[in-house]
2 protein chains.
Amino acid sequence: MTSIRVLLADDQALVRGALAALLSLEPDLEVVAEVGRGDEVVEAALRSVPDVALLDVEMPGADGIEATAALASAVPDCRVLVVTTFGRPGYLRRAMEAGASGFVVKDTPARQLAEAVRRVHAGLRVVDPSLAAETLVAGRSPLTARETDVLRAARDGGTVADLAASVHLSEGTVRNHLSAAIGKTGSRTRAEAVRIAEQNGWL
Amino acid sequence: MTSIRVLLADDQALVRGALAALLSLEPDLEVVAEVGRGDEVVEAALRSVPDVALLDVEMPGADGIEATAALASAVPDCRVLVVTTFGRPGYLRRAMEAGASGFVVKDTPARQLAEAVRRVHAGLRVVDPSLAAETLVAGRSPLTARETDVLRAARDGGTVADLAASVHLSEGTVRNHLSAAIGKTGSRTRAEAVRIAEQNGWL
DNA sequence: GATCATCCCTGACATTTGTCACGGTGACCT
DNA sequence: AGGTCACCGTGACAAATGTCAGGGATGATC
């Protein structure tokens with residue numbers, strides 16, 4: 001029996017190498033490529049032809065979701081298993097919509113990772129059950145495109161004038177969008193709205 | 001020659017297990033304990049008598065800095081190597097002041113981790129050179145104790161009234177501390193001050 | 001004992017922020 | 001064609017925020 005070829009993508013070199021060591025302990029798994037940026041995933045996949053890609057969500061270049069979408073269209077035979085630090089509902093939803101076969105949080109026991117890779121390779125879906133439930137109740141983002149833009153720009157904590165400049169809108173409009181976002185997130189402050197939206201993976 | 005006994009502390013089970021796998025590849029290293037919380041470190045160290053403790057900074061219960069201090073007084077023979085996702089100047093400074101022998105960022109190549117453990121065990125200090133330089137220019141936190149408290153409480157984005165309640169201060173005092181923090185961080189907004197202070201590891 | 005820094009508080013002020021009501025545009029669907 | 005929805009803007013208002021100038025209290029340092 002031929003072994004399962006795995007591509008590893010994580011921006012933290014130490015974690016990446018450690019995961020490689022972990023998976024290499026399994027006789028039926030073989031790590032054939034490692035990258036540290038989201039925009040290097042497709043290129044590496046074309047070169048090494050992996051069966052399964054293990055993608056982190058937080059990465060420079062392109063995040064794991066974008067990489068998933070790119071990979072699904074460029075190398076459709078390669079299944080995607082997304083691994084992430086943060087179990088945010090929006091991440092799970094967007095990852096699955098982008099074509100991922102599995103979604104694993106970094107809290108899960110190390111023993112289960114290899115098994116998750118095998119399941120994904122076998123065509124099954126692997127999803128953390130509690131996170132799946134959370135995703136269902138959280139629903140998809142209630143924010144409109146512009147509200148998301150404005151809230152994203154508000155993450156680094158500038159004034160309304162700063163936001164207006166960076167999004168090319170009037171100050172009044174920016175405040176309207178912020179007000180709407182505050183209402184939809186059930187918060188009382190711009191900063192709180194940012195925090196909630198971020199926790200849900202809406203940004 | 002007897003092998004180096006290593007204790008592993010990281011809240012993410014997957015990363016913890018992966019690091020264990022990575023270190024276990026080295027014939028002269030032996031992982032003798034794994035914990036997922038900062039407040040379990042000392043207990044585990046007393047039981048397993050490690051030579052080197054690998055501590056993550058971000059952990060529930062007690063963070064890696066607090067765990068370092070506790071370990072240094074409870075098990076002084078055990079050297080501490082701090083590993084962290086974020087290379088924040090304040091983290092490095094506080095870790096060293098708490099008695100750590102080394103400080104490694106998770107960006108470093110996996111190959112170097114085992115070598116870092118060996119160096120620390122040999123009594124040497126291991127510090128990322130670029131981060132060390134950054135720490136020198138950043139200096140220690142300019143914030144007073146109360147300013148730090150208030151700014152920490154402001155992280156989740158509540159109103160001044162919320163902060164005043166959570167820190168047991170008058171609203172006016174809270175605003176004064178925030179104003180001082182804004183001035184010292186060279187920012188224009190409370191949220192921006194929080195962001196800057198957080199990036200420098202001052203919270 | 002004087003000096004200094006920090007702390008806590010007050011009160012007042014200008015600015016910013018969040019809210020609301022409103023009008024107008026374009027896209028999409030029925 | 002009409003209805004709905006997101007979008008952009010205006011103007012105006014109350015509330016929250018950031019700033020400043022004070023005063024009193026504490027503890028460390030010289």
Side-chain angles (χ1 to χ4, degrees), chain A residues 90 93-94 97 138-203, chain B residues 90 93-94 97 138-203:
Chain A
R93 157 164 275 125
R94 283 190 288 161
E97 287 175 355
R140 90 182 335 105
S141 170
L143 303 172
T144 76
R146 279 303 178 290
E147 284 161 6
T148 306
D149 288 345
V150 172
L151 216 54
R152 209 194 320 261
R155 272 189 297 191
D156 42 8
T159 70
V160 174
D162 297 341
L163 303 190
S166 95
V167 194
H168 304 295
L169 287 180
S170 143
E171 296 195 13
T173 304
V174 167
R175 289 205 303 229
N176 283 343
H177 285 313
L178 285 176
S179 185
I182 290 174
K184 289 179 179 176
T185 53
S187 53
R188 309 187 61 74
T189 310
R190 174 196 321 192
E192 212 173 348
V194 169
R195 188 173 56 82
I196 292 178
E198 216 160 30
Q199 282 175 355
N200 289 25
W202 292 342
L203 300 187
Chain B
R93 159 164 274 126
R94 284 190 289 160
E97 288 175 353
R140 89 180 339 103
S141 171
L143 303 173
T144 75
R146 279 304 180 288
E147 284 162 6
T148 306
D149 288 344
V150 172
L151 215 55
R152 205 192 325 258
R155 272 189 297 192
D156 42 8
T159 70
V160 175
D162 297 342
L163 303 190
S166 95
V167 194
H168 305 295
L169 287 180
S170 144
E171 294 195 14
T173 304
V174 167
R175 290 208 304 237
N176 282 344
H177 285 312
L178 285 176
S179 185
I182 290 173
K184 288 179 180 176
T185 54
S187 53
R188 308 186 61 74
T189 311
R190 175 194 322 190
E192 211 172 350
V194 168
R195 188 173 57 81
I196 293 178
E198 217 159 28
Q199 281 176 355
N200 288 27
W202 293 342
L203 299 187

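To find a chain, count down the sequence lines: A is the first, B the second, and so on, and within it residues start at 1.
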**OP:** Would you mind reading off the distance between A/Leu178 atom CG and D/dC7 atom C1', rounded to a whole angstrom?
**Re:** 15 Å
**OP:** Give A/Ser170 one of three labels, base, sugar-phosphate or nothing, depending on what nucleic acid heavy atoms sit under 4.0 Å from its own.
**Re:** sugar-phosphate
**OP:** Taking only the side-chain nitrogens and oxygens of A/Ser179, find out if one of them lies under 4.0 Å from OP1 or OP2 of C/dT19.
**Re:** yes
Original post:
Roughly how many Å is it from CD in A/Glu147 to C1' in D/dC8, rounded to a whole number?
Top reply: 13 Å
Original post:
Which angle, rounded to 10°, do you find between the first-five-pair axis and the last-five-pair axis of the helix from C/dG1-D/dC30 to C/dT30-D/dA1?
Top reply: 40°
**OP:** Can you tell me the distance, in whole Å, between the CG atom of A/Leu169 and the C1' atom of D/dA6?
**Re:** 13 Å
Shorter than 3.5 Å, N or O on both sides, protein versus nucleotides 13-16 of chain D: list them out with atom names.
none

What protein N or O atoms touch nucleotides 22-25 of chain D N or O atoms at under 3.5 angstrom, if any, and at what distances?
none

Original post:
Between B/Leu143 (CG) and C/dC7 (C1'), how many Å, whole number?
Top reply: 15 Å
Subject >> DNA chain C: 5'-proximal contact among B/Thr189 and B/Gly172 (nearest heavy atom) >> reply: B/Gly172
**OP:** Write down the atom of A/Thr185, the atom of A/Trp202, and the distance for their closest heavy-atom approach.
**Re:** CG2-CZ3, 4.2 Å
Original post:
Between D/dG9, C/dT19, D/dC7, which nucleotide has the shortest distance from any of its atoms to the side chain of A/Ile182?
Top reply: C/dT19
Below 3.5 Å is the cut-off: list the nitrogen or oxygen pairs between protein and nucleotides 26-30 of chain D, distance only.
none

**OP:** Check whether any side-chain N or O of B/His177 sits under 4.0 Å from OP1 or OP2 of C/dC8, and answer yes or no.
**Re:** yes
**OP:** Could you check whether A/Ala145 gets within reach of a base, just the sugar-phosphate, or nothing at all, counting any heavy atom under 4.0 Å?
**Re:** sugar-phosphate
**OP:** For residues 165-190 of chain A, pull every pair meeting salt bridge (Lys or Arg N to Asp or Glu O under 4.0 Å), keeping only residues two or more places apart or in separate chains.
**Re:** A/Glu147-A/Lys184
Original post:
D/dC5 C1' sits how many Å from A/Lys184 NZ, rounded?
Top reply: 10 Å
Subject >> Atom pair distance, as rounded to whole Å: CD in A/Glu171 and P in C/dT15 >> reply: 14 Å
Original post:
So, does B/Ser170 use its side chain to make a donor-acceptor pair with the main chain of B/Gly172 at under 3.5 Å?
Top reply: yes
Original post:
Which comes earlier along DNA chain C counting from the 5' end, the contact point of A/Ser187 or that of B/Pro142, where each point is its nearest nucleotide?
Top reply: B/Pro142
**OP:** Indicate yes or no: at least one non-hydrogen side-chain atom of A/His177 is less than 4.5 angstrom from one of A/Leu169.
**Re:** yes
Would you be so kind as to tabulate the donor-acceptor pairs closer than 3.5 Å made by side chains of residues 150-158 of chain A, with sequence neighbours excluded?
from: A/Arg152; atom 1: NH1; to: A/Leu203; atom 2: O; distance (Å): 2.3
from: A/Arg155; atom 1: NE; to: A/Arg152; atom 2: O; distance (Å): 3.4
from: A/Arg155; atom 1: NH1; to: A/Glu198; atom 2: OE2; distance (Å): 3.4

**OP:** Rounded to the nearest 0.5 Å, what's the gap from OG1 on A/Thr189 to CD1 on A/Ile196? Could you check?
**Re:** 9.5 Å
Original post:
If you measure from CG on A/Leu143 to CG on A/Asp149, what distance do you get to the nearest 0.5 Å?
Top reply: 10.5 Å
